[in-house]
Protein chains: 2
Amino acid sequence: MEKESRKIMHGVECCDIEEVHADKVQMVSEQMPPEDRLYDLAELFKAFGDTTRIRILFALFEAEICVCDLAASLGMTQSAISHQLRLLKQARLVSGRREGKQIVYFLADDHVRTIIQQGMDHIME
Amino acid sequence: MEKESRKIMHGVECCDIEEVHADKVQMVSEQMPPEDRLYDLAELFKAFGDTTRIRILFALFEAEICVCDLAASLGMTQSAISHQLRLLKQARLVSGRREGKQIVYFLADDHVRTIIQQGMDHIME
DNA sequence: CAAACATATGAATAAATGCTCATATGATAA
DNA sequence: TTATCATATGAGCATTTATTCATATGTTTG
C-alpha cells in the first residue's frame, strides 16, 4: 500500500476566482482534519481496497479461520494470504491468536462489518 | 487505481488440514458474494484510499465547490484535482454540474459521509 | 467572430502494490 | 534434540497509481 510520502505539491497557479470564493476556501481549511488523521483514514480505506483482502474479510465474517484454510478457501497461496493478513493486521481490521501450530484469524472489531455493509449499500445504489 | 485483472491464482498447495476444517472452507465459499460484487466493493474503497481524494471529500462536506477553489483550498494544481475528481465521479462519490464557466462539485449521496464517519470511528479506536 | 477563462485529458514518470519464489521463524511431535 | 508442520517475510517482477506538463474542450465575454 502506498507510503503516501509523495513530494509536497507546488504550483498553486489557478484561476482568478480565489478571491470570489475566498469564504469557501477559508471554511474548507478551517474544517479540514489534521494531516495525520487524513493519512490514517486513507490508509484504513486502502486496506479495504483490494479484492483479496475483501474476500479475507468476508471469510472472517463467517468464522475464525487459520491462514491455511483461508488460502484453501480463496484458492490462493499461503504466502499471498499471509502478506495480505499482515496489511489487515496493520490496519487493525483483523487479529490473530495462536492455537497450537496454527494461528487463527478473526475480525478485530465491529467497524469492519459496518464499513463493508455501508460500502455494499452504496454499490447497490 | 488497480485494474484488478490479475492473473488467476494457482498453486493451492497448502497444509494438510483442509479436510479437518472442510466445514469452514465450505461455509466460506457458500457465503462469499459473487466476483463482480467483490470487485465493485474493492474499487469503491480504493476511491477512499488516497489522502488527496479524502481531502476533496472533506472539502465537499462543507460546501459545493468548483475545481479551481478545490485546487486553491488544497494547495494543488487544477490538473491534479481534476484527475482525482474523475476517479471520485467514477466511484459515484461526487457529482458536478456546470454553473456558467465553472463546474461545481458536490457529494453524490449520504453514504460518503457515513463511510468516512465509520472510518473515523475506527481510527479513533 | 475571437480572446479569455475553467475544466478535462493524454503521455510520461516515479512510486507503490500484489503476487511468486525461496527461505526464515516458531511451535509441536518423535 | 531433530524433523515436521504452520506461518511469516525478503527480494524480484509486473502492474497500478498519483502527479506533472502540455494541450484539448467547452463556456462566456467583448
Side-chain angles (χ1 to χ4, degrees), chain A residues 1-18 20-21 42-43 46-56 65-72 74-91 94 96-105, chain B residues 1-18 20-21 42-43 46-56 65-72 74-91 94 96-105:
Chain A
M1 285 187 298
E2 197 182 342
K3 267 298 111 47
E4 193 95 38
S5 60
R6 221 162 280 285
K7 66 228 65 147
I8 276 314
M9 32 287 186
H10 59 285
V12 191
E13 45 69 28
C14 195
C15 49
D16 337 304
I17 47 175
E18 281 117 298
V20 177
H21 299 146
E43 288 301 308
K46 261 178 230 178
F48 289 99
D50 174 79
T51 38
T52 297
R53 289 192 294 272
I54 289 276
R55 289 157 85 114
I56 292 176
I65 314 186
C66 68
V67 179
C68 170
D69 283 345
L70 275 172
L74 306 189
M76 299 184 66
T77 63
Q78 174 269 317
S79 179
I81 298 296
S82 197
H83 278 297
Q84 299 299 354
L85 282 172
R86 184 168 48 80
L87 299 178
L88 290 171
K89 268 188 290 185
Q90 276 172 16
V94 308
R97 71 166 174 279
R98 183 170 281 276
E99 282 196 2
K101 280 195 252 187
Q102 300 165 218
I103 295 182
V104 176
Y105 279 88
Chain B
M1 287 187 295
E2 195 184 342
K3 267 296 113 48
E4 192 95 40
S5 59
R6 221 161 280 285
K7 65 227 71 151
I8 278 313
M9 31 287 186
H10 59 286
V12 192
E13 45 70 27
C14 195
C15 50
D16 336 305
I17 48 175
E18 282 118 297
V20 177
H21 299 146
E43 288 301 307
K46 261 179 231 178
F48 288 100
D50 174 81
T51 40
T52 296
R53 290 192 294 271
I54 288 277
R55 290 157 85 116
I56 292 176
I65 314 184
C66 68
V67 179
C68 171
D69 283 345
L70 276 172
L74 306 190
M76 298 184 67
T77 63
Q78 174 269 316
S79 180
I81 298 295
S82 197
H83 278 297
Q84 298 300 353
L85 282 171
R86 184 167 48 79
L87 298 179
L88 290 170
K89 267 188 291 187
Q90 276 172 15
V94 309
R97 70 165 174 280
R98 183 171 281 276
E99 281 196 0
K101 279 194 252 189
Q102 300 164 220
I103 295 181
V104 176
Y105 279 89

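Side-chain atoms are counted along with the backbone in the values below, which use heavy atoms only and exclude waters and symmetry mates. Convention: sequence-line order gives letters A, B, ...; per-chain numbering from 1.
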Qualifying residues under side-chain hydrogen bond (donor to acceptor under 3.5 Å, both in side chains), relative to B/Lys101, sequence neighbours excluded: none
Just how far, in rounded Å, is P of D/dA8 from CG of A/Leu85? 7 Å
Integer-rounded Å distance: D/dA8 P and A/Leu70 CG: 10 Å
Return the value, rounded to whole Å, for the distance between atom CZ of A/Phe48 and atom C1' of C/dG18. 18 Å
For C/dT20, does either OP1 or OP2 sit under 4.0 Å from a side-chain N or O belonging to A/Thr77? yes
Expressed as a whole number of angstroms, how long is the span from A/Asp69:CG to D/dC5:C1'? 14 Å
So which heavy atom on B/Ile81 is nearest to which on B/Ala71, and how close? CG1-CA, 3.7 Å
How does protein contact run along nucleotides 22-30 of chain D, one letter per nucleotide 5' to 3', with B for base contact, S for sugar-phosphate only, - for none, heavy atoms under 4.0 Å? B----SS--
Does the side chain of B/Tyr105 get closer than 4.0 angstrom to OP1 or OP2 of C/dA6 through an N or O atom? no
Listed by chain and number, what are the ring-ring contact (aromatic ring centres under 6.0 Å, His included) partners of B/Tyr105, not counting sequence neighbours? none
Using whole Å, what does the distance between atom C1' of nucleotide D/dC5 and atom CD1 of A/Ile103 come to? 12 Å
Which nucleotide in D/dA18, C/dA8, C/dC19 has an atom nearest any side-chain atom of B/Thr52: D/dA18
Contact summary for B/Gly49 and A/Lys46, nearest pair of heavy atoms: O-CE, 3.0 Å
Quick check: closest heavy atoms across B/Leu70 and B/Ile65, and the distance to 0.1 Å? N-CG2, 3.8 Å
Any A/Gln84 side-chain N or O less than 4.0 Å from OP1/OP2 of C/dC19: yes
Between P on C/dA4 and CD on B/Gln102, what's the gap in Å once rounded to a whole number? 19 Å
Is a donor on one side and an acceptor on the other found under 3.5 Å between the side chain of B/Arg53 and the backbone of A/Ala42? no
On a plain distance test, is the side chain of B/His83 in donor-acceptor contact with the base of D/dT20 below 3.5 Å? yes
At their closest point, which heavy atom of A/Ile56 faces which heavy atom of A/Gln84, and how far apart are they? CD1-CB, 3.9 Å
Give the rounded distance in Å between these two atoms: CD1 of B/Ile56 and C1' of C/dT7. 13 Å
Over how many whole Å does the gap from A/Arg97 atom CZ to C/dA27 atom P extend? 16 Å
